[in-house]
Colleague: 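Before I ask anything, let me first share the structure, which is written out below as structure tokens.
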Amino acid sequence: MAPVASTQPERPSVAADKVFNPFYSPPTLDNGDANYKYADYKPAHPNLSYPPLEVQEVVERGLFADPAKPNLFAAATKVKNLTPAIGTEITGVDLRHLTDAQKDELALLVAERGVVFLRDQEITIEEQLELARYFGPLHKHATTPIPRVGLEEVHVVYNDSSRRPDPTAFSKIELWHSDVSYELQPPGLTSLKVITNPPYGGDTLWSSGYALYSSLSPAMQQYLEGLTAVHSAVAQAEGNRAAGLPVRRQEIETIHPLVRVHPATGWKAVYVNPGFTRRLVGIPKAESDAILKFLFRQISENPDFQVRFSWEENSVALWDNRVVTHSATFDFWPHTRHALRATPHGDTPISVEDYEKTTGKKAKDRQLEIWKQQGVQIEQNGTQKNERTRGYND
């Protein structure tokens, strides 16, 4: 008897390599262009093994800076703040030739402004690493690619025409993150240089944890200051394993304060991110989910907290992972975008209570401090003296 044809609709096969979450599963392919001038810095995934990280000594260089930053600003031809809350672009400064005083002032500027941009930088990756070491011991990532030539302390950002990010694998909100916030000592002053850029697109956005904290009611601020959150490396490790890539260090989960204080500024910042923060400790799950969802949406959707940078070849961004989150745009396919990151460890995140106990200083709200400098009188509840509500139109 002839076989009877099935009347059931054929189910599509699941292609293991189709789904590509660019945040958790780095690509393993490239377009094979043998003439590409930065081929030595294309991504590689060597099967290495790193021991667990231990607490390392970090000297906060911003504490040594002159707050007026005379050495750094004297070398610049232009210093422009891009928004009130976050982002500054400096022109005329060559990162290869900074003095120690200028490096300290740069560290403080990045701590205050969240992210600083410089264009037309001829700094090599070796020089970029050397500059980064000034700010702290360098991080070796457990899962993301390193250059083909080695340089295990370099994080490679690379996308070309060989693989298009699949939007069924991720939502845009998931891409907002603070780099490896699950580490015992997550990164501080981090630098990224773009060496190949698409003709347009491929922008990066940063969002200020200072501004998010300042936007909250005093009661909400006080409540969040007493909470801690779990930051997890599990999804990133599982993404590598699903792609058949090595995990060079066993994944961990770490508890950090939800509101941390930057040691150089003394300002409070909300420290959670959609990429790695999984839950709040010691409160009901429904409450945890609601609070994190609210904070994640504020990070990703409130433009008052954000700055967006349009890269050019040889542009460098330096940001402080302790007080900002960032997100990529994947709008440039099939063009190539290639960048190299150097990532120093920062201090162990410190809560408001512990900062005030250990330093004898009072942690501060950045926005209130800025307003005080501008002569604006602020009442105890955070409102301006004789303030009247009004609408806004543009």
Side-chain angles (χ1 to χ4, degrees), residues 60-136 157 179 187-197 202-211 262 264-265 267 269 305-327 339-344 346 366 369-370 373-374:
E60 177 51 54
R61 298 307 313 179
L63 289 171
F64 297 88
D66 184 329
K69 307 168 192 71
N71 302 286
L72 181 65
F73 289 168
T77 57
K78 186 176 183 180
V79 178
K80 180 181 180 181
N81 290 341
L82 302 182
T83 80
I86 182 173
T88 296
E89 185 165 350
I90 298 180
T91 306
V93 170
D94 189 331
L95 291 173
R96 297 173 298 178
H97 304 308
L98 296 178
T99 65
D100 286 354
Q102 289 171 328
K103 293 174 188 175
D104 293 344
E105 291 169 9
L106 178 62
L108 182 58
L109 180 65
V110 176
E112 293 171 344
R113 297 296 302 162
V115 57
V116 171
F117 307 106
L118 303 96
R119 301 186 187 272
D120 302 318
Q121 296 294 311
E122 297 295 331
I123 189 170
T124 66
I125 184 54
E126 291 80 10
E127 292 168 330
Q128 187 180 342
L129 289 171
E130 188 60 29
L131 175 62
R133 285 190 189 95
Y134 183 81
F135 303 112
V157 177
D179 294 321
L189 198 160
T190 303
S191 64
L192 184 75
K193 177 179 176 178
V194 166
I195 56 178
T196 300
N197 205 53
D203 297 355
T204 303
L205 295 89
W206 284 262
S207 182
S208 170
Y210 291 143
H262 193 289
T265 64
W267 296 341
F305 308 159
Q306 298 175 1
V307 66
R308 179 167 180 152
F309 186 61
S310 295
W311 299 89
E312 298 170 348
E313 187 173 311
N314 290 337
S315 293
V316 173
L318 301 106
W319 67 96
D320 199 314
N321 263 301
R322 296 170 285 191
V323 296
V324 298
T325 52
H326 60 282
S327 181
L340 304 174
R341 191 181 86 197
T343 315
R366 174 193 178 274
E369 294 305 303
I370 297 297
Q373 294 172 12
Q374 296 171 343

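Values below: all heavy atoms of this structure, side chains included; hydrogens, waters and symmetry mates excluded. Every value quoted in this text rests on a predicted model; they were computed, and no experiment measured them. For the single chain, residues carry numbers from 1 onward in sequence order.
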Colleague: For A211 and A85, which heavy atoms make the closest approach, and how far apart are they?
Modeller: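 What the structure gives for the nearest pair is CB-CB, 4.0 Å.
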Colleague: Between the side chain of R341 and the main-chain N/O of S191, is any donor-acceptor distance below 3.5 Å?
Modeller: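 No.
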Colleague: For E122 and N314, what are the C-alpha separation, side-chain angles and deciding distance, and is it a side-chain contact (heavy atoms from CB on, under 4.5 Å)?
Modeller: CA-CA 7 Å; E122 297 295 331; N314 290 337; 3.6 Å; yes
Colleague: Can you tell me how far the CD1 atom of I90 sits from the CZ atom of F117, to the nearest 0.5 Å?
Modeller: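 Result: 11.0 Å between the selected atoms.
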Colleague: I'd like to know if the side chain of T77 reaches the main chain of T91, judged simply by a donor and an acceptor atom lying under 3.5 Å from each other, with no hydrogens or angles considered.
Modeller: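 Present.
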Colleague: Got a second to check how far D320's CG is from L189's CG, nearest 0.5 Å?
Modeller: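 Taking CG in D320 and CG in L189, the distance rounds to 6.0 Å.
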Colleague: Is there side-chain contact between T83 and Q306, with at least one heavy-atom pair below 4.5 Å?
Modeller: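 No, too far: nothing below the 4.5 Å cut-off.
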Colleague: Report the distance from atom CG of L106 to atom CG of D100, rounding to the nearest 0.5 Å.
Modeller: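 L106 atom CG to D100 atom CG measures 12.0 Å (nearest 0.5 Å).
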Colleague: Could you tell me if the side chain of I86 sits less than 4.5 Å from the side chain of W206, heavy atoms only?
Modeller: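 Yes. Closest side-chain heavy atoms under 4.5 Å.
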Colleague: Taking E112 first and then K69, would you say they form a salt bridge - that is, a charged N and a carboxylate O separated by under 4.0 Å?
Modeller: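 K69 and E112: salt-bridged.
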Colleague: About how many Å separate OG1 of T265 and CZ of R113, when rounded to the nearest 0.5 Å?
Modeller: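 Atom-to-atom, R113:CZ and T265:OG1 are 12.5 Å apart.
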Colleague: With rounding to the nearest 0.5 angstrom, report the CD to CG distance, E127 to L95.
Modeller: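 Spacing of CD (E127) from CG (L95) equals 10.0 Å.
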Colleague: Apply side-chain contact (heavy atoms from CB on, under 4.5 Å) to L108 and L72, showing your working.
Modeller: CA-CA 11 Å; L108 182 58; L72 181 65; over 6 Å; no
Colleague: Salt bridge or not for E369 and R366, using N-O below 4.0 Å?
Modeller: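 Not counted as a salt bridge, because no side-chain N and carboxylate O are separated by less than 4.0 Å.
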Colleague: How close do L318 and V316 get, counting heavy atoms only, and between which atoms?
Modeller: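 Heavy atoms only, the tightest pair is CD1-CG1, 4.0 Å.
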Colleague: Can you pull the salt bridge (charged side-chain N to carboxylate O under 4.0 Å, His left out) pairs that have at least one residue in residues 77-93, sequence neighbours excluded?
Modeller: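 Every pair satisfying salt bridge (charged side-chain N to carboxylate O under 4.0 Å, His left out) with a residue in residues 77-93: E89-R119.
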Colleague: To check you understand the geometry: which heavy-atom pair defines the closest contact between A339 and L192, and what is its length?
Modeller: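 The answer is CB-CD1, 3.7 Å.
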Colleague: If you take all heavy atoms of D179 and W319, which pair is closest and at what distance?
Modeller: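 Nearest heavy atoms, D179 then W319: OD2-CZ2, 3.4 Å.
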Colleague: Once you round to the nearest 0.5 Å, how far does CG of L340 lie from CD1 of I125?
Modeller: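 With rounding to 0.5 Å, CG (L340) is 4.5 Å from CD1 (I125).
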Colleague: Which atom pair, heavy atoms only, marks the closest approach of V115 to A317?
Modeller: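 Smallest interatomic distance, heavy atoms only, reads CG2-CB, 4.4 Å.
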Colleague: Using the side-chain contact (heavy atoms from CB on, under 4.5 Å) rule, take L98 and Y134 through it: C-alpha gap first, then chi angles, then the decisive distance, then the call.
Modeller: CA-CA 11 Å; L98 296 178; Y134 183 81; over 6 Å; no
Colleague: Kindly give the heavy-atom pair with the smallest separation between V93 and Q121, and that separation in Å.
Modeller: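 For V93 versus Q121, the nearest heavy atoms are O-NE2, 2.8 Å.
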Colleague: Going by atom types only, do E312 and S315 share a side-chain donor-acceptor pair under 3.5 Å?
Modeller: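 Absent: no donor and acceptor within the cut-off.
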Colleague: Might you work through the side-chain contact (heavy atoms from CB on, under 4.5 Å) test for N321 and H326, ending with a clear yes or no?
Modeller: CA-CA 9 Å; N321 263 301; H326 60 282; 3.9 Å; yes
Colleague: Does any N or O in the side chain of K193 come within less than 3.5 Å of the main-chain N or O of Q128, such that one atom is a donor and the other an acceptor?
Modeller: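 Here the side-chain-to-backbone pair does not exist.
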Colleague: Can you list the residues that meet the side-chain hydrogen bond (donor to acceptor under 3.5 Å, both in side chains) rule with D120, with sequence neighbours excluded?
Modeller: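 Applying side-chain hydrogen bond (donor to acceptor under 3.5 Å, both in side chains) to D120 gives none.
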Colleague: Is there a side-chain contact between K103 and R61 (heavy atoms, below 4.5 Å)?
Modeller: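 Contact flag for K103/R61 side chains = no.
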